[in-house]
Amino acid sequence: MADTNSNLANDTGTDLLSLEEGISLLETGQADADMRIDFGNGVVGAVSEERELDALLQRARGLRLIKMMAELKPVDRPAHMRKDKPALHPSVEEILDALRPAD
């Protein structure tokens, strides 16, 4: 199961990636289960198995989307989860669409 660790000092020996760096590695299929993403405010996103990488990517993209909406930046729909992986589940897209500010 994907893990969100609130203790940045708990170093597992892997570098802590920025949100954008982590998303980029996950989207291109270059990530492994040792990666850790800094979600901000002392929260770290991590997984324990490679089969959980899609869940980490979805969580990271969701956080990025919420941050973009909060900053009133333009938001594009993600084209895919990871290389050769399906798009977001329609229910997730519906929820994220509902969170967008009205024009």
Exactly one of Leu16, Asp15, Leu19 clears side chain to side chain contact (heavy atoms under 4.5 Å, CB included) with Asp38, and that residue is Leu16
What do the steps show when you test Met35 against Leu56 for side chain to side chain contact (heavy atoms under 4.5 Å, CB included), and what is the final call? CA-CA 10 Å; Met35 77 177 307; Leu56 180 60; 4.1 Å; yes
What's the spacing between Leu65 CG and Lys73 NZ if we round to 0.5 Å? 12.0 Å
Side-chain contact, heavy-atom cut-off 4.5 Å: Arg36 with Leu17? no
Are any non-hydrogen side-chain atoms of Glu21 and Leu25 less than 4.5 angstrom apart? no
Once you round to the nearest 0.5 Å, how far does CZ of Arg59 lie from CG of Asp54? 11.5 Å
Using only atom types and a distance under 3.5 Å, with no angle test, would you say the side chain of Thr28 pairs donor to acceptor with the backbone of Ser24? yes
Contact summary for Ile37 and Ala60, nearest pair of heavy atoms: CD1-CB, 4.4 Å
Tightest non-hydrogen contact, residues Ala33 and Glu49, listed as CB-C, 3.6 Å
Could you state the interatomic distance from CZ (Arg61) to CE (Met68), rounded to the nearest 0.5 Å? 11.5 Å
Can you give me the closest heavy-atom contact between Lys67 and Phe39, atom names plus distance? NZ-O, 3.8 Å
